[in-house]
Amino acid sequence: MRMSRLFLRTLRDAPADADVESQRLLVRGGYIRKVAAGIFSWLPLGARVLRNVERIVREEMDAAGAQELVLPIIQPLELWQESGRDDLYGPLMFRLHDRKDTGFCLAPTAEEVVTAAVRGEYSSYRDLPVNLYQIQWKYRDELRPRFGLLRGREFLMKDGYSFDTDLDGLRASYQAMFDAYTRVFTRCGLTFRPVEGEAGEIGGDINHEFMAVAAVGEDDFVWCRSCDYAANVEVATRRDAHARAAEVADAARPAPESLHTPGMPGIAIVAQHLGTTDDQLLKCFAFDVGGRLGLARVPGDREVNEFALARAVAPEAMRVFTDDDFAARPGLPKGYIGPHHPSVELVVADPAIDAAHGWVTGANEVDHHAANVWFGRDFRVDVWAPIATVASGDPCPQCDQVLSVDRGIEVGQVFQIGTKYSEKLGALYTDEHGAQHPMVMGCYGIGVSRVVAAIVEEHHDEHGICWPAAIAPYAVHLVALAGRGEAAGEVRATADRIYEALRAAGVDVLYDDRDASPGVKFADADLLGMPVQLTVGAKGIARGIVERKVRATGERDELALAGVVGACT
RNA sequence: CGGGGAGUGGCGCAGCGGUAGCGCACCAGCUUUGGGUGUUGGAGGUCGGGGGUUCAAAUCCCCCCUCCCCGACCA
C-alpha cells in the first residue's frame, strides 16, 4: 500500500480523552477514531489488525472442530424473557422497538439465539456433539465505558457454544476450546495465563478466564513467571504457606516489653515509630464467627484474605468486624488489638506467624503496643491456615520460583454452563432409549477488539506500537528518502522497484512514498509499528544497500539491493 | 446513579463582558532532505444546544446535551 494513497492521518498529540496507552497510540497512529463514548471506527490500518486477530481466532476454532455461523445482532427481547435474562441484564442492554412496537435488543451475547437455533434443528443424541461460533459485534451500554477498546459499548467478540449429551462430552469440548484459546493468545503474542474464575452472570460451574498481563487490567491475579501457575488473588497460595518454624526454648526469649504508642492505630505508623519494618509486626484482625469473637493473624506486611479465612473456619460462617462490632466490645480497641485477648474464642493464624522470633503487636489497650510477644508463651493458635494474601515475590506453590501479583485484562473466558439455557429454552435431545434430556452446554468467548488493545498494551515503547508479526497490518514498512536532490529520481525508482518486487513475492508492504521529510517518515514508521522497516536513501543506494531495522528490538542491519526480497520472505 | 472537572477550526490549547487567537495538521510558494526543517502567504470556527441578563455574551445566570475523572457496577 502506498502511503500517499492510504486513508490515514497520524496525530502528533493524542486526544485528551484517551486514558490508556493502547487508545492513545491507536488513535495517534490512525488505526481507530472515537465516534462516541465506547464506540470506535476502525480505519484501514485498524481494520487490517482486527482482521488478523479474527483470522487467528477463526483458524484455531476451525482446527478445534468448531463451525462458524453468523447470528443476528438484533435479537427479539422475547428470547431474553424466555431465559429470564431480560431483567438480569436490565439497562446494560441497548433496547429498541420496531414500528409494531415489538421489543428488541442489540446483542450483548448470544446464548439465547444460538440455543434457539440448535433446538430448532437438532433433537437427537446422534446429532451431538456440535460446536458453533461466530465473530460478531456485541453491544453493552456500560455504566462507564473507558480504557478505549478495553471496555467499549460496541466490541467485536468471538462467541462459541458447545452442545453435548453429557458431562463427559462437555468436558472434552471444554478442553478442546481451552487448548484452542491457549494457541490463539500465544499466536497473538500476549503474555497470559488461564485463571480459574468465579461463576459470573452466565451462571456456569467450572470456568477459566484468560488474563493478559497488563498494568491497565481491571482484575488482580497471581501468576508464576516460570511455570503455568495462575490463580485469583482470593484462592492463590504460596510455597511455604503450610510450613512452620520450630519453637524456641523459653530461656532464649526476651520478656515482653510494653510500648507507649499514642495515636498510632495501625501497622505502618507503629513500624515507622519503632524504626522497623511492617513484617516485624503481628496484625490482628477481628471477625465474628457464629456470634463468637475470632482473631485472624498475619504478618504486618500482609492483608487477611477474607475468602481464605472463610474457608478456614468453614462450615461455620464468618463476618468481618464492623465499626458497630467494635463499639460493642470496648475491650477490643481497633488498631491496638493484641493476640492474647481473654474473650477470643477462635484464633486463626497464617503459618508465617512462626515461633522463631518475637512480634510487635497491640496490647489490647488504646495507645499501647507490646514487643517480644512470642507464639506459645504469649499467645495460642487454634487453626493454622494460609490466610495471608499472596504478594509479588512469594515462592510459587508449583515450582518455587517467583510469583507476581498483577493486573490482567480478561481477553477470553471458557464456561461449562451445563443445562441452564437448554432447560429454559427447551433445547432437548432424545437419547437411544427414547428419553428426552436437556443438551449440556459450554460457552466460550474471546474479546477480539479487546485483544487488539491488549496487544498494544504489551507491545509498545515511547515511540509507538511494536506489532507482533502475526498481527501487524503490513509485514514491512518501506521508507523512501527521495528528497529533491539529483538522486531523487533514482531513489524513487529504486524504492518503487523494491515495493513491486516485494508485492510480487507476496509480502504485505506499507510503502512511504510521500513527499515528506525523513524525520516525519521515521517517526510515523515507529508510531505505526510494522515489524520491519526498510529505508531506501541516496546514501544506501550509492553503496548498493538498503537499511533494515527491526521495530521491536531496534536492531539494524544492511541488505544488498538484490537480496531485499529474499530477506523479507 | 452520587461527587468532581471540561466542552473554542481535524488534534492539542489560550482567551473569561467590547464583535475570536496560538501550536500541530491542511492548501500554495520558497527552503530543507538520514530522526516530527525553516519561512512567507492562505483556507477553515453560528466558541456543545436552548433560554435569559446587557448597548454589547465564547466570557455572567438558568436549563439541557456530550465528554473526562473518582466511586458504585461489571462478559
Side-chain angles (χ1 to χ4, degrees), chain A residues 8-20 23-24 27-30 33-39 43 85 88-93 107-111 138-148 150-153 155-160 197-204 207-211 217-219 409-415 417 443-450 463-464 479-488 491-492 512 514-528 533-543 545-547 549 554 556 558:
Chain A
L8 172 73
R9 183 112 296 147
T10 58
L11 303 176
R12 201 177 292 200
D13 297 310
D17 60 9
D19 46 8
V20 287
Q23 187 185 4
R24 276 190 283 270
V27 172
R28 279 191 56 212
R33 288 286 182 262
K34 193 174 90 165
V35 172
I39 298 174
L43 305 186
R85 288 210 295 179
L88 193 61
Y89 266 74
L92 195 59
M93 284 205 291
T109 175
E111 281 82 8
K138 301 293 186 304
Y139 298 83
R140 294 188 190 174
D141 192 4
E142 295 283 351
L143 286 174
R144 188 138 93 85
R146 57 182 152 176
F147 303 149
L150 291 172
R151 180 161 294 276
R153 293 194 293 174
F155 54 100
L156 190 62
M157 179 175 172
K158 188 286 298 183
D159 49 321
E198 302 293 315
E201 222 160 69
I202 291 181
N207 71 89
H208 287 84
E209 296 170 349
F210 285 77
M211 307 298 293
E218 297 186 81
D219 303 286
I409 298 167
E410 186 190 335
V411 287
Q413 188 161 36
V414 288
F415 266 98
I417 303 180
C443 155
Y444 318 96
I446 292 178
V448 175
S449 49
R450 178 181 281 186
H463 301 294
V479 176
L481 301 181
R484 289 178 193 164
E486 54 191 39
V491 171
R492 203 175 295 280
D512 195 344
R514 299 174 300 174
D515 181 21
S517 70
V520 169
K521 293 190 173 190
F522 289 137
D524 274 348
D526 286 347
L527 173 62
L528 295 175
Q533 298 173 8
L534 296 180
T535 301
V536 181
K539 292 179 186 174
I541 288 175
R543 296 170 43 225
I545 59 102
V546 303
E547 186 178 316
K549 175 176 144 185
R556 294 163 194 269
E558 296 177 347

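As a basis for the values below, the full set of heavy atoms in this structure was taken, side chains included, without hydrogen atoms, waters or symmetry mates. Just so it is clear: chains get the letters A, B, ... in the order the sequence lines come, proteins before strands, and each one is counted from 1. The structure presented is a predicted model; accordingly, all values stated were derived computationally and were not measured.
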Quote, to the nearest angstrom, the P distance that separates B:C64 from B:A75.
-> 32 Å
Spacing of the C1' atoms in B:G36 and B:G5 (rounded, Å) | 32 Å
Nucleotide B:A75, atom P - distance to CZ of A:Arg140 in whole Å = 8 Å
Looking for any heavy atom pair under 4.0 Å, which part of the strands does A:Arg33 touch: base, sugar-phosphate only, or nothing?
-> nothing
A:Leu527: side chain to side chain contact (heavy atoms under 4.5 Å, CB included) partners, not counting sequence neighbours | A:Thr10, A:Leu25, A:Arg28, A:Asp524
Going 5' to 3' through nucleotides 30-43 of chain B, assign each nucleotide B (protein heavy atom under 4.0 Å from a base atom), S (under 4.0 Å only from sugar-phosphate atoms) or - (no protein heavy atom that close).
-> -BBBBBBS------
Taking atom P of B:C67 as reference, at what distance in whole Å does atom CD1 of A:Ile39 sit?
-> 9 Å
With A:Lys34, which residues qualify under side chain to side chain donor-acceptor pair (under 3.5 Å), at least two apart?
-> A:Asp17
Output yes when A:Asp19 and A:Arg151 qualify as a salt bridge under the 4.0 Å nitrogen-oxygen rule, no when they do not.
-> no
Residues in salt bridge (charged side-chain N to carboxylate O under 4.0 Å, His left out) contact with A:Glu547, at least two apart in sequence or another chain | A:Arg556
Side chain to side chain contact (heavy atoms under 4.5 Å, CB included) partners for A:Ile545, two or more places apart | A:Arg543, A:Glu558
Sorted by chain and residue number, the salt bridge (charged side-chain N to carboxylate O under 4.0 Å, His left out) partners of A:Arg153 (sequence neighbours excluded) come out as A:Asp141
Kindly write out the residues that satisfy ring pair (Phe, Tyr, Trp, His ring centres under 6.0 Å) with A:Tyr444, not counting sequence neighbours, or none if the list is empty.
-> none
Let me know the distance between CZ of A:Arg9 and P of B:C27, rounded to the nearest Å.
-> 7 Å
Could you tell me whether A:Phe155 contacts a base, only the sugar-phosphate backbone, or nothing, with contacts defined as non-hydrogen atoms closer than 4.0 Å?
-> base
Send over the distance from A:Glu218 CD to B:A75 P, rounded to a whole Å.
-> 11 Å
With Watson-Crick and G-U wobble geometry limited to distances under 3.5 Å, how should the secondary structure of RNA chain B be encoded in dot-bracket form, using | for bases paired to another strand and [ ] for crossing pairs?
-> ((((((((.[[[[.)..(..]]]].(((((.......))))).....[[[[[..)....]]]]])))))))....
Rounded off to whole Å, could you give me the CG-to-P distance for the A:Asp19 and B:C67 pair?
-> 13 Å
What string of B, S and - do you get for nucleotides 2-8 of chain B 5' to 3' if you count protein non-hydrogen atoms under 4.0 Å?
-> -------
What interatomic distance, in whole Å, is found between C1' of B:G18 and the corresponding atom of B:C70?
-> 40 Å
At what distance, to the nearest 0.5 angstrom, does CZ of A:Arg484 lie from CG of A:Asp515?
-> 5.0 Å
Applying side chain to side chain donor-acceptor pair (under 3.5 Å) to A:Lys521 and not counting sequence neighbours gives none
Mind checking the P distance from B:C55 to B:U46? Whole angstroms is fine.
-> 28 Å
Output the distance between atom NE2 (A:His463) and atom CZ (A:Phe522), rounded to the nearest 0.5 Å.
-> 13.0 Å
Side chain to side chain contact (heavy atoms under 4.5 Å, CB included) partners for A:Ala110, two or more places apart = A:Leu71, A:Gln75, A:Gln134, A:Asp159, A:Tyr161
hbond_proxy A:Arg151 side chain to B:C74 base (donor-acceptor, 3.5 Å cutoff) = yes
Can you sort out the partners of A:Arg24 under side chain to side chain contact (heavy atoms under 4.5 Å, CB included), two or more places apart, ordered by chain and number?
-> A:Ala14, A:Ala18, A:Glu21
Check the distance between B:C22's P and A:Asp13's CG and give it to me in whole angstrom.
-> 17 Å
Round to the nearest Å and state the distance from A:Arg24 atom CZ to B:G12 atom P.
-> 13 Å
Which whole-number value in Å describes the distance from A:Leu92 CG to B:A75 C1'?
-> 9 Å
